Amino acid sequence: MDILATLNPAQREAVEAIKGPVLILAGPGSGKTRVITHRVAYLVKHCGISPYHIMAVTFTNKAAQEMRDRLEQLLGQAVEALTLGTFHAICARILRREGKAIDLDSSFVIYDEDDQLRLTKQALEELNLDPKQYVPQALRSAISAAKSRLISPKDYAQRVSSYFEEIVQRVYQRYQELLSQSQAADFDDLLMKTVQLFQNHSQILKRYQSRYVHILVDEFQDTNIAQYELMKQVAGKYRNLCVVGDPDQSIYSWRFADLRNILSFEKDYPEAKVVFLEQNYRSTKTILEVASDVISANVLRKPKKLWTENEDGARVTVIESYNAEEEAQSVVSEIEKLISQEQISLKDCAVMYRVNAQSRALEETFLRYGVPYKLVGGTRFYQRQEVKDIIAYLRVIHNPQDNVSLTRIINVPGRGIGQKTVNTLQSWAKAHDTSLFEALKQVSHPDSVGTKQSLSPHIVQSLAGFDALISKLTAQSQELSLSGLVDEILEHTKYKEYILDKEDGEERWENITELKSVAREYDELSPEEALTAFLEKVSLVSDIDELDEKADAVTLITLHQAKGLEFPAVFIVGLEEGILPHRKSFDDPEQMEEERRLCYVGITRAKKRLYLLRSYRRSLFGGSTANLPSRFLQDISPHLISPRGLWEESPTPVASPDFNRDSQPSPRPLSTLTLKVGDHVRHSKFGSGIVMNCNATRDDQELTIAFEEAGVKKLLASLAPLEKIEKDFDFSS
DNA sequence: CGAAAGGCTCTTTTT
DNA sequence: GAGCCTTTCG
């Protein structure tokens, strides 16, 4: 089969441009994944490049798996040698192989957010800082932000400019020490440490540079600085770097993704070829117009013209209901209508929402009406307490240095080792500069000195018992299959009795059974390999990876997770001020633009039918509140909408405030000048910029302006030396 | 030491 | 409303 035959001219151009850097700006539904897949196939089949010399980075493991499947179809051969995966998975692999060079044991564990938080708390405690005054979550996030920007504790120390940052620096420093003591890497470390490895070991970098002749990166708009740097390093030799992204679909800035990467790309690779994919193959004309109405209100974007040859399609349905329950019922009844009247099945339908908590009302209603559904995410399987407990046992067996996991299980199920004892062990470990595990071993030996007096013989016995348990399991781990090992853990800890005694015990035990069946998939490997592979998998899987496409059931999913997917019928629920856009974005125009992009991502998932739902009341936390309809709804041209619900009954809708930012009541005319959103301005100091938001204060205008060079600033119209400029100004150039 | 009860806070998105 | 923490009592 000819790899190029099925591509349109722009797609073909993107596939054939194999020499040098390429930036593909691809709108939703423009065949972006197809282009990447075909490009790899083209490299292998037409250019004779071995898959061994190609690296392709995807956003999720699922996307990676799908690409591998499609490639094998396209090429008619397996492509095992191809490096394909998420940045995190690829980095983990590199670090396992090369970690020795930077003092990272090849059996290092990967800490997730929960582990990170525990470690942050420990660092706080050790530094005698009050966790009430310094919220651990905030510190964790600040550390993560630093790492995503490749700022080491030392670098951080040099740029400290506030008391809070001073604290962050100290916690960050200690946090890293604790990580290294545990032979652990957190998510951010996977990226940062790989970059550092390459920075400090040029001979290792050279090997990888020579290997990867071609590099492809998908969802480029959601990469962070560390990922950008990594890519730049590996592509340093051949510069055959192809990145694909859509700035309008950038929705991960809170994970420190940096849209500037797209802008930097053209600066760092001036010879880059830029290809635009603008033809949409997914949605109807109507859906595309709705999407365009919503996204065009963003100020910080390059206008883009998407088009399609698809039919006009039905108008989008806007449904207003009284509360979340009624909203869920509307979804169910519309789905039933679709199934009976159109050729749409359950698995063609997806319900998307801003926050996971919204899934509850939906689930209850789906259950009540007996409509099958698959829930993506929510309380994530591998995050569940009981599942993490068992994994913690496995981690300790695999890597006894892992202090976080050891602390987690040392008294689970309860064996009389309380917080006080753990503290004693921890200070002993710190005083002797050793791991908690070593402390446990030393202290529980009857002939050890120095600590006995502070621990009762009774406790020492408990510790010795636990130590013996771990030793025994560790010995068994050499011989038993992985599922056998899990059985041993369960048996010796009496975990079943422990968990069945708790609330929802049955359900939790089922989760353990489920975990065991995952473990069984690794039984054919050698015990050592199985444990390593299993632990790696459970650290890096995401919920979306587990989505079963074939099951005939409605998908319930967050807007974030829906990125990259498509469905014939899409329901977006909770289009209300405070939900979508989320209230957290109210005072930050940049975040507000991201909310808008999120809405855009949701809309553009739909192929044929789109339903936008909004309810008058919603009880998200405790008391129920009345919310106004989302400003995004107001941005859609009325002729694209066919209304249902409250609007249907009362043709003259209840007067609701106009949310268009442009028409916010402006203050009394200023003698200088009055500006509105979207105006281009020049500031005597900050240069040229664009107005993102206007806030009328009592006798002034508070402006948020994105300056080309100086970034986003908040200014007062009466004071700022501003002039309005007419000429068209391209923010991104 | 551990279970139970009461009080507190903070409510987003996830590799 | 839930999850987390602290307090209290056995």
Side-chain angles (χ1 to χ4, degrees), chain A residues 57-64 85-92 110-114 116-118 121 130-132 135-138 141 144 147-148 185-191 219 222-224 226-227 250-257 352-360 376-380 382-383 385 411-422 455-456 458-459 462 498 501-503 536-545 557-564 574 578-586 588 591 594-595 597-599 601-602 618-625:
Chain A
V57 187
T58 56
F59 195 69
T60 61
N61 299 297
K62 177 169 179 273
T86 62
F87 271 110
H88 291 88
I90 291 174
C91 286
I110 299 169
Y111 278 178
D112 65 13
E113 194 171 327
D114 180 54
Q116 287 178 22
L117 202 57
R118 286 163 186 260
K121 282 182 192 156
D130 180 7
K132 286 220 184 79
V135 187
Q137 184 57 49
S141 170
S144 175
K147 290 186 179 187
S148 306
D186 64 21
F187 278 136
D188 305 305
D189 276 346
L190 293 177
L191 307 172
E219 305 285 8
D222 283 321
T223 53
N224 64 28
Q227 290 164 333
S250 150
I251 53 175
Y252 282 90
S253 71
W254 50 274
R255 227 169 61 185
F256 314 109
M352 301 177 186
Y353 37 83
R354 176 67 235 264
V355 299
N356 278 307
Q358 287 174 263
S359 71
R360 207 165 130 177
V376 183
T379 334
R380 308 213 272 294
Y382 292 103
Q383 304 277 53
Q385 212 186 81
N411 199 32
V412 174
R415 48 177 75 87
I417 305 173
Q419 191 55 50
K420 227 179 119 205
T421 312
V422 174
L455 294 171
S456 70
H458 175 244
I459 300 275
S462 300
Y498 164 76
D501 225 31
K502 303 203 150 198
E503 201 144 323
E536 180 113 352
K537 175 191 157 110
V538 301
S539 308
L540 297 176
V541 280
S542 66
D543 297 306
I544 193 76
D545 299 338
I557 193 170
T558 64
L559 287 160
H560 281 91
Q561 296 193 106
K563 188 174 72 159
I579 306 288
L580 183 64
H582 195 274
R583 48 171 45 81
K584 285 241 155 176
S585 64
F586 280 172
D588 180 348
Q591 275 196 48
E594 184 149 316
E595 295 290 309
R597 292 194 291 269
L598 194 53
C599 186
V601 166
R618 188 171 297 273
S619 47
L620 263 188
F621 357 88
S624 102
T625 45

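Numbers restart at 1 for each chain; the letters A, B, ... are given by sequence-line order, proteins then strands. These numbers come from a predicted model, not from an experiment.
Under the rule for a side-chain contact (heavy atoms from CB on, under 4.5 Å), the partners of A:Ser141 that lie at least two apart in sequence or sit in another chain are A:Phe256. Residues meeting the salt bridge (charged side-chain N to carboxylate O under 4.0 Å, His left out) test with A:Arg583, sequence neighbours left out: none. Take A:Tyr382 and apply the ring pair (Phe, Tyr, Trp, His ring centres under 6.0 Å) test, not counting sequence neighbours, and it matches no residue. Under the ring pair (Phe, Tyr, Trp, His ring centres under 6.0 Å) criterion, A:Tyr111 pairs with no residue at all, not counting sequence neighbours. With sequence neighbours left out, A:Asp114 forms a salt bridge (charged side-chain N to carboxylate O under 4.0 Å, His left out) with A:Arg118, A:Lys388, A:Arg408. Contacts of A:Arg415 classified as side-chain contact (heavy atoms from CB on, under 4.5 Å), with partners at least two apart in sequence or in another chain: A:Tyr393, A:Asn411, A:Pro413, A:Ile417, A:Phe466, A:Leu469, A:Thr493. When the salt bridge (charged side-chain N to carboxylate O under 4.0 Å, His left out) test is applied to A:Asp189, the partners found at least two apart in sequence or on another chain are A:Lys147. Contacts of A:Glu595 classified as salt bridge (charged side-chain N to carboxylate O under 4.0 Å, His left out), with partners at least two apart in sequence or in another chain: A:Arg354. Taking A:Tyr498 as the reference, A:Tyr495 meet the ring pair (Phe, Tyr, Trp, His ring centres under 6.0 Å) condition, with sequence neighbours excluded.
Between A:Asn224 and the phosphate of B:dT15, there is no side-chain N or O to OP1/OP2 separation shorter than 4.0 Å. Distances shorter than 4.0 Å separate some side-chain N or O of A:Thr558 from OP1 or OP2 on B:dT14. One finds a side-chain N or O of A:Gln561 lying less than 4.0 angstrom from the OP1 or OP2 phosphate oxygen of B:dT14.
Atoms CD and CZ, from A:Glu219 and A:Phe87 in turn, are 11.5 Å apart once rounded to the nearest 0.5 Å.
A:Phe87 comes within contact range of no nucleotide atom at all, as no heavy-atom separation falls under 4.0 Å. As judged by a 4.0 angstrom heavy-atom cut-off over every strand, A:Asn411 is placed among residues touching the sugar-phosphate backbone only. Within 4.0 Å of A:Thr421, counting heavy atoms only, lie sugar-phosphate atoms of the nucleic acid but no base atom.
With B:dT15, B:dC1, B:dT13 as the candidates, the nucleotide lying closest to the side chain of A:Trp254 is B:dT13. Between C:dG1, B:dT14, B:dT13, one nucleotide has an atom nearer to the side chain of A:Arg360 than all others, and that is C:dG1.
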Tabulate protein N/O versus nucleotide N/O from nucleotides 4-10 of chain C, keeping only pairs under 3.5 Å, one per line.
residue	atom	partner	partner atom	Å
C:dC5	OP1	A:Lys121	NZ	3.3

Restricting both atoms to N or O, compile the protein contacts to nucleotides 3-10 of chain B shorter than 3.5 Å, with distance only.
none

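Base pairing in DNA chain B gives the following stems of 3 or more Watson-Crick or G-U pairs, range against range and under 3.5 Å: B:1-10 with C:1-10.
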